[in-house]
Amino acid sequence: MKKVSVLIATYNQETLEKSVKSALGNDIVICDDGGSNNALEIARKYKTKYVWQPDEGMRLAKNWNNGIKLAEGDYCLFIGGDTYLGKNTLELLKKYADKNSVLNTVRIYVDEKGKEIGKDWRFNEEFFRKEGVVEINDDAPYWSITGNGLFVPTYWAKKVMWDERFVGYGRDDYKFAFDLWKEGLKFKILPQARIYHIGFQENIPDNPNNVKLLKQAIEEYAKNYH
């Protein structure tokens, strides 16, 4: 039986309890980026693991790494505290999981009452109707993922870890995926494995330094290995 560690990153999110409830029955780690609300009480209520770091601005990469260190499952699923899992999402992830692949779910954007207000910007309507697994076969599959809903073998998550130089918003997930890709992992998407993102905000600018760091990493790799 494949065991999953669900790592939930949060910062004072009122929707955290809904996220936790959608993942019950798994190894849950609440990763708190310095919040001051009731995340610890929720962890105690549902008997989950909890890790906190001081509030020094958005440090999502370090927050994820805090959770990875506590993960005991065979796979790590990364989701935000403003996100909850579809009823069959974990079953599908377990069904198609393998030790040499990164899987990604598909996001549905909803309001606080669960009403759909949009769909994952990466895909067209035809993609949402596909069954099974879709493998990404291009030369840079790390551009096709998002960190919210990323499913990674724990062995590789612990070996690679997120790059903690990335702070603020953006590109940290691409860097993590890029580093996994360098290890030879394949990338796949499950169109029917849905996660529901509450209050998704569009057009948030990426931290320019994060953009620079990722570009440098890709260029250095290309220079040394191609």
Side-chain angles (χ1 to χ4, degrees), residues 4 6-9 15 19 22 58 60-61 64 75-98 100-111 114-153 156-157 160 162-163 166 168-182 185-208 210-211 213-215 217-218:
V4 177
V6 181
L7 279 54
I8 305 176
T15 52
S19 298
S22 74
M58 185 178 182
L60 182 58
W64 285 137
Y75 296 86
C76 289
L77 173 61
F78 301 90
I79 64 170
D82 55 1
T83 303
Y84 59 95
L85 305 177
K87 291 181 179 180
N88 66 339
T89 296
L90 281 167
E91 292 178 10
L92 287 170
L93 288 168
K94 290 178 183 179
K95 178 179 179 179
Y96 291 102
D98 71 75
N100 298 304
S101 295
V102 172
L103 303 182
N104 212 190
T105 59
V106 169
R107 285 187 292 180
I108 304 296
Y109 307 130
V110 296
D111 62 21
K115 180 181 177 181
E116 182 178 321
I117 58 176
K119 291 183 178 178
D120 203 314
W121 55 268
R122 295 173 293 167
F123 312 117
N124 58 29
E125 282 295 329
E126 181 181 354
F127 187 90
F128 287 97
R129 293 190 289 270
K130 291 184 178 181
E131 301 287 339
V133 63
V134 177
E135 186 166 347
I136 306 170
N137 292 313
D138 59 46
D139 294 333
Y142 44 86
W143 289 117
S144 300
I145 64 88
T146 62
N148 191 4
L150 199 62
F151 188 78
V152 180
W156 290 111
V160 172
W162 291 66
D163 190 333
F166 285 69
Y169 184 82
R171 305 296 171 106
D172 44 5
D173 50 357
Y174 293 139
K175 178 57 163 57
F176 183 49
F178 173 68
D179 290 338
L180 291 166
W181 173 76
K182 289 192 299 181
L185 274 71
K186 296 180 179 179
F187 285 72
K188 303 173 183 178
I189 298 173
L190 299 177
Q192 300 307 314
R194 308 291 174 86
I195 61 173
Y196 295 86
H197 195 163
I198 306 168
F200 174 69
Q201 298 180 26
E202 295 185 278
N203 302 319
I204 301 175
D206 291 339
N207 182 340
N210 291 354
V211 175
L213 286 170
L214 179 60
K215 181 180 179 181
I218 294 172

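Quick note: numbers below take in every heavy atom, side chains included, and nothing from hydrogens, waters or symmetry partners. We count residues from 1, following the sequence as given.
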Margin query: Tell me whether Lys119 forms a cation-pi arrangement with Phe128, defined as NZ or CZ under 6.0 Å from the six-membered ring centre and within 45 degrees of its axis.
Written below: yes

Notebook entry, point to check: With under 30° as parallel and over 60° as perpendicular, where do the rings of Tyr196 and Tyr84 fit, or are they tilted in between?
Noted result: parallel

Next item on the list: Give a yes or no on whether Glu135 atom CD has more than 12 heavy-atom contacts from other residues, nucleotides or ligands under 6.0 Å away.
Entry: yes

Checklist line | Leu150 side, atom CG; Phe187 side, atom CZ - distance, nearest 0.5 Å | finding: 7.5 Å

Next item on the list: Nearest 0.5 Å please: distance from the CZ atom of Arg129 over to the CG atom of Asn124.
Entry: 8.0 Å

Notebook entry, point to check: Where the side chain of Thr105 meets the backbone of Leu190, is there a donor-acceptor pair that is under 3.5 Å apart?
Noted result: no

Margin query: Ring-plane angle category for Phe151 and Tyr75, please: parallel below 30°, perpendicular beyond 60°, tilted otherwise.
Written below: parallel

Next item on the list: Can you see which heavy atom on Thr15 is nearest to which on Gly81, and at what distance?
Entry: OG1-O, 2.7 Å

Item checked: Heavy-atom side-chain contact between Phe123 and Val134 under 4.5 Å -> no

Next item on the list: Evaluate the criterion side chain to side chain contact (heavy atoms under 4.5 Å, CB included) for residue pair Val152 and Phe176; output intermediate values, then yes/no.
Entry: CA-CA 10 Å; Val152 180; Phe176 183 49; 4.1 Å; yes

Next item on the list: Measure across Asn104 and Asn148 and return the closest heavy-atom pair with its distance rounded to 0.1 Å.
Entry: ND2-O, 4.5 Å

Notebook entry, point to check: Can you tell me if Gln192 uses its side chain to pair, donor with acceptor, with the backbone of Gly132 under 3.5 Å?
Noted result: no

Notebook entry, point to check: Are any side-chain N or O atoms of Arg171 and backbone N or O atoms of Asn207, one a donor and one an acceptor, separated by less than 3.5 Å?
Noted result: no

Check: Would Phe78 and Leu60 count as a side chain to side chain contact (heavy atoms under 4.5 Å, CB included) if you check the C-alpha gap in whole Å, the side-chain angles of each, and the deciding distance to 0.1 Å?
Finding: CA-CA 11 Å; Phe78 301 90; Leu60 182 58; over 6 Å; no

Notebook entry, point to check: Where do Ile145 and Trp181 land on the side chain to side chain contact (heavy atoms under 4.5 Å, CB included) test, with the steps shown first?
Noted result: CA-CA 12 Å; Ile145 64 88; Trp181 173 76; over 6 Å; no

Notebook entry, point to check: Do the non-hydrogen side-chain atoms of Asp138 and Ser144 ever get within less than 4.5 Å of each other?
Noted result: yes

Notebook entry, point to check: Which atom pair, heavy atoms only, marks the closest approach of Gly147 to Trp162?
Noted result: CA-CH2, 4.4 Å

Margin query: Please determine whether side chain to side chain contact (heavy atoms under 4.5 Å, CB included) holds for the pair Asp163 and Leu213, giving the CA-CA distance in whole Å, both sets of side-chain angles, and the decisive distance to 0.1 Å.
Written below: CA-CA 10 Å; Asp163 190 333; Leu213 286 170; 5.8 Å; no

Notebook entry, point to check: What distance separates Asp82 CG from Tyr109 OH, expressed to the nearest 0.5 Å?
Noted result: 11.0 Å

Notebook entry, point to check: Has the side chain of Asp98 got a donor or acceptor atom that lies under 3.5 Å from a matching backbone atom of Ser101?
Noted result: yes

Notebook entry, point to check: Any side-chain heavy atom of Asn210 sitting closer than 4.5 Å to one from Tyr174?
Noted result: no

Item checked: Output field: ring centroids Phe166/Trp64 closer than 6.0 Å -> no

Check: NZ of Lys182: more than 12 outside heavy atoms within 6.0 angstrom?
Finding: yes

Check: Any sub-3.5 Å donor-acceptor pair from Asp120's side-chain atoms to Val106's backbone N or O?
Finding: no

Next item on the list: Rounded to the nearest 0.5 Å, what's the gap from CG on Leu180 to OH on Tyr142? Could you check?
Entry: 12.5 Å

Margin query: Can you give me the closest heavy-atom contact between Leu85 and Ser22, atom names plus distance?
Written below: N-OG, 3.0 Å

Item checked: Short side-chain to backbone donor-acceptor contact, Thr89 and Ala193, under 3.5 Å -> no

Next item on the list: Run the salt-bridge test on Lys175 and Asp172 with the 4.0 Å N-O cut-off and return the result as yes or no.
Entry: no

Next item on the list: Could you grab the distance from atom NZ of Lys186 to atom CD1 of Ile136, nearest 0.5 Å is fine?
Entry: 13.0 Å

Item checked: Inter-residue atom distance Arg194.CZ - Ile108.CD1, 0.5 Å rounding -> 4.5 Å

